[in-house]
Amino acid sequence: GQFSRVAGAAVTEGQRAAVGLSVKGTPLVANAGLPTGITLDNLANIGLGWNRLPEEAFEAFVGISGDGKPIGNLLAELGPKAALDVKAGIRVGIATGQSPREVANVIRQAAGMPLSRALTISRTEINRSHREATRLNYAANSNVVKGYRRLASKDEDTCMACIALDGTLYETNEPLDSHPNCRCAMVPETLTYQDLGLDIPEEPRPPSGQDWFNGQSKATQENMMGAKTFAAFQQGKVGLSDLVTTSTSTVWGKSSTVKSVKALGL
């Protein structure tokens with residue numbers, strides 16, 4: 001109980017900092033996303049200024065988890081669950097004749113899970129607050145931001161669902177379908193030269209997640225996909241888009257994750 005109070009306060013403070021970072025950073029990101037030679041100051045001169053929302057507009061993202069529960073309540077559930085897992089480990093150990101050392105390993109794992117889960121909750125909820133504040137800023141500036149694109153972190157630790165969805169265009173009223181520990185960012189889709197009535201060729205888009213993945217070594221691709229999925233991918237039985245499944249959780253909201261090998265029919 002004491003842990004949940006202290007950790008809940010720490011996560012809430014992290015959310016507040018993340019929201020503040022979004023409020024300051026979103027116009028800078030939008031400015032960087034505009035075509036070369038166009039700035040928010042230029043747009044303000046033609047009546048397309050950047051709207052700054054009042055702080056109270058973001059309070060809904062602070063201290064609250066994805067399912068609407070206070071953060072402290074979400075963390076408080078970890079203690080009783082750990083106690084049950086420890087008791088179950090002892091019962092199974094006695095029933096199956098495990099050695100005290102084996103039972104101790106089970107107990108250590110069960111007792112360590114709350115910290116691991118608390119870190120997942122912390123990362124996920126702080127990132128969610130940042131993303132939602134960013135999305136709210138984008139939505140309030142639809143005269144400049146037409147939507148946003150998903151930008152995945154492109155490294156070996158990135159899940160294949162995020163790689164496959166990299167570059168996907170979302171409307172500003174649509175929350176990002178992230179998942180626990182997701183590292184994806186939301187890049188604004190800003191006005192183009194054509195939108196501004198300028199006859200200038202559009203600038204090329206950055207490489208997609210699929211382009212990045214195709215450029216990796218076979219060892220890296222197999223490590224990211226798993227052996228069975230990678231074998232099917234090489235044989236042309238599955239594509240990157242086939243790996244994504246989207247579900248709705250009462251805790252995490254809408255989430256896009258990687259299909260299991262079973263779900264892929266492999």
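Quick caveat, the model's predicted, so the values are computed rather than measured. Numbers here simply count residues along the sequence, with the first being 1.
Both L243 and L266 are assigned to one and the same hydrophobic cluster, defined by single-linkage of ILVMFWY side chains at heavy-atom distances under 4.5 Å. The cluster map of Ile, Leu, Val, Met, Phe, Trp and Tyr, joined by side-chain heavy atoms under 4.5 Å apart, puts L28 and L21 in different clusters. Hydrophobic clustering (ILVMFWY, side-chain heavy atoms < 4.5 Å, transitive): M186 and W50 are in one cluster. L53 and V19 fall within a single hydrophobic cluster, where Ile, Leu, Val, Met, Phe, Trp and Tyr are joined by side-chain heavy atoms under 4.5 Å apart, directly or via other members. One hydrophobic cluster holds both V145 and L176 under the rule that ILVMFWY side chains link at heavy-atom gaps under 4.5 Å.
Side-chain contact check for W212 versus T158: every heavy-atom pair is 4.5 Å or farther apart. No side-chain heavy atom of S116 sits less than 4.5 Å from a side-chain heavy atom of L119. With a 4.5 Å cut-off on side-chain heavy atoms, L34 and L43 count as touching. Proximity of F58 to E132: side-chain heavy atoms (C-beta onward) are nowhere separated by under 4.5 Å. Within the 4.5 Å cutoff, no side-chain heavy atoms of F230 are placed close to those of V238. A heavy-atom distance below 4.5 Å is not found between the side chains of L196 and T192. Between I38 and L191, the closest side-chain pair of non-hydrogen atoms is not below 4.5 Å. For the pair M160/F213, a side-chain contact is recorded, criterion being any heavy-atom separation below 4.5 Å from C-beta on.
Within the 3.5 Å criterion, the main-chain N or O of A110 finds no donor-acceptor partner in the side chain of D85. S122 places no side-chain N or O within donor-acceptor distance of the main-chain N or O of A118, the cut-off being under 3.5 Å. At distances below 3.5 Å, not a single donor-acceptor pair connects side-chain atoms of S4 with backbone N or O atoms of L75. The backbone N or O of G33 sits less than 3.5 Å from a side-chain atom of T190, completing a donor-acceptor pair. Listed for the R131 side chain is a donor-acceptor partner under 3.5 Å among the backbone atoms of C184. Proximity of a side-chain donor or acceptor of N31 to a complementary backbone N or O of T39 within less than 3.5 Å is not detected. For Y193 (side chain) and E203 (main-chain N/O), no donor-acceptor pair under 3.5 Å exists by modelled atom type.
Taking both residues in full, the closest heavy atoms of G89 and V103 are given as O-CG1, 4.3 Å, listed atom of the first, atom of the second, then distance. Residue P27 comes nearest to V23 through the heavy atom pair CD-O, 3.4 Å, listed as atom of the first residue, atom of the second, then distance. Looking at every heavy atom in both residues, Y148 comes nearest to E171 through CE2-O, 3.5 Å. Contact detail for Q15 and S129: the closest heavy-atom pair is NE2-OG, 3.0 Å. Scanning both residues, A161 and V258, for their nearest heavy atoms gives N-CG2, 3.5 Å. Contact detail for T120 and T124: the closest heavy-atom pair is O-OG1, 2.7 Å.
The only option from K218, Q216, E156 that meets the side-chain hydrogen bond (donor to acceptor under 3.5 Å, both in side chains) definition with N223 turns out to be E156. Only one option out of R150, Q210, R149 pairs with L165 in a side-chain contact (heavy atoms from CB on, under 4.5 Å); it is R150. Across D157, D166, D155, a single residue satisfies salt bridge (Lys or Arg N to Asp or Glu O under 4.0 Å) together with R183, and that is D155.
Considering OG1 of T172 and OH of Y138, their distance stands at 10.5 Å, rounded to 0.5 Å. Rounding to the nearest 0.5 angstrom, the gap separating the NE2 atom in H130 from the CZ atom in R135 is 14.0 Å. Remark: E13 CD to I71 CD1 distance equals 13.0 Å, nearest 0.5 Å. The line from OG1 of T229 to NZ of K237 is 12.0 Å long, rounded to the nearest 0.5 Å. For the atom pair L264 CG and K228 NZ, the distance stands at 11.5 Å (nearest 0.5 Å). Put simply, CZ on F3 and CG on L78 are 7.0 Å apart, with the number rounded to the nearest 0.5 Å.
Using modelled atom types, one finds a donor on one side chain and an acceptor on the other under 3.5 Å when comparing T246 with S256. No hydrogens or angles considered: a donor-acceptor pair under 3.5 Å links the side chains of Y170 and D177. A donor and an acceptor atom, one from each side chain of T134 and N137, are nowhere located under 3.5 Å apart. When only modelled atom types and interatomic distance are considered, S247 and S255 share no side-chain donor-acceptor pair under 3.5 Å. At a cut-off of 3.5 Å, with distance as the only test, a side-chain donor of D211 or S208 sits close to an acceptor on the other residue. Between the side chains of S22 and T26, a donor-acceptor pair is found at a separation under 3.5 Å.
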For this session: Please step through salt bridge (charged side-chain N to carboxylate O under 4.0 Å, His left out) for the pair R205 and E189, ending with a clear verdict.
Result: CA-CA 11 Å; R205 291 197 176 281; E189 183 80 351; 2.6 Å; yes
Between D195 and K146, is the salt bridge (charged side-chain N to carboxylate O under 4.0 Å, His left out) condition met? List the steps. CA-CA 10 Å; D195 293 327; K146 301 186 291 183; 2.8 Å; yes
**Request:** Starting from the C-alpha separation in whole Å, work towards a yes-or-no answer on side chain to side chain contact (heavy atoms under 4.5 Å, CB included) for V62 and E125.
**Result:** CA-CA 9 Å; V62 176; E125 294 302 340; over 6 Å; no
task = Let me see the working for H179 and C159 under side chain to side chain contact (heavy atoms under 4.5 Å, CB included), right down to the final yes or no.
result = CA-CA 10 Å; H179 55 78; C159 83; 3.4 Å; yes
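The neighbour count for Q109 CD, taken as heavy atoms of other residues, nucleotides or ligands under 6.0 Å away, does not exceed 12.
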